[in-house]
Amino acid sequence: PPAPAPPAPAPPAREMEPEIEPEICEVPTIERVQSIQQLYSATAVADYLLDIPPEQSGHMRFRSGETVYVLYEGRADGEEGWNYGYTSSSDFAGWFPAECVEELSY
């Protein structure tokens, strides 16, 4: 199934804390997410932190330096600039600004 639609993009910043309204959204289990073939691994180059828990916001949280597993790159209308993925340090997958990560090269 396709990834859930992302919220409106936040303005670019090195440490991003967008204001979004809390809403309950269906978040797949981490086991389900990890069974999806990832597009690539990336390193977080900026903190992406929210006050709203990932299970309520649909966004993931991470700190600069963490490895992020990208499952989906937003390409549809309204998704540009947003990726969907997870980190090994979280039990939740979610949306995050694409500019916050850099693809790892092996």
Please find the pair of heavy atoms, one from [X] and one from [Y], that lie closest to each other, and give the distance.
| X | Y | result |
| --- | --- | --- |
| T67 | S41 | CG2-CB, 4.4 Å |
| A44 | V101 | CA-CG1, 4.1 Å |
| R75 | E80 | O-OE2, 3.9 Å |
| S57 | I52 | CB-CG2, 3.7 Å |

Report yes if the side chains of [X] and [Y] come closer than 4.5 Å at any heavy-atom pair, otherwise no.
| X | Y | answer |
| --- | --- | --- |
| D47 | R61 | no |
| H59 | F92 | no |
| L104 | Y40 | no |

> Does a donor on one side chain sit under 3.5 Å from an acceptor on the other, for Y84 and E79?
Replying inline: no

> Does a side chain donor of either Y48 or E66 reach within less than 3.5 Å of an acceptor in the other side chain?
Replying inline: no

> Has E103 got more than 12 heavy atoms of other residues, nucleotides or ligands less than 6.0 Å from its CD?
Replying inline: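 Above 12, so yes.
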
>> Could you measure the distance from the CZ atom of F62 to the OG atom of S89? Nearest 0.5 Å is fine.
In response: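 Between atom CZ of F62 and atom OG of S89 there are 10.0 Å.
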
>> To the nearest 0.5 Å, what is the distance between CE on M60 and CG on N83?
In response: 10.0 Å

> How about Y69 and Y86: are their ring centroids closer than 6.0 Å?
Replying inline: yes

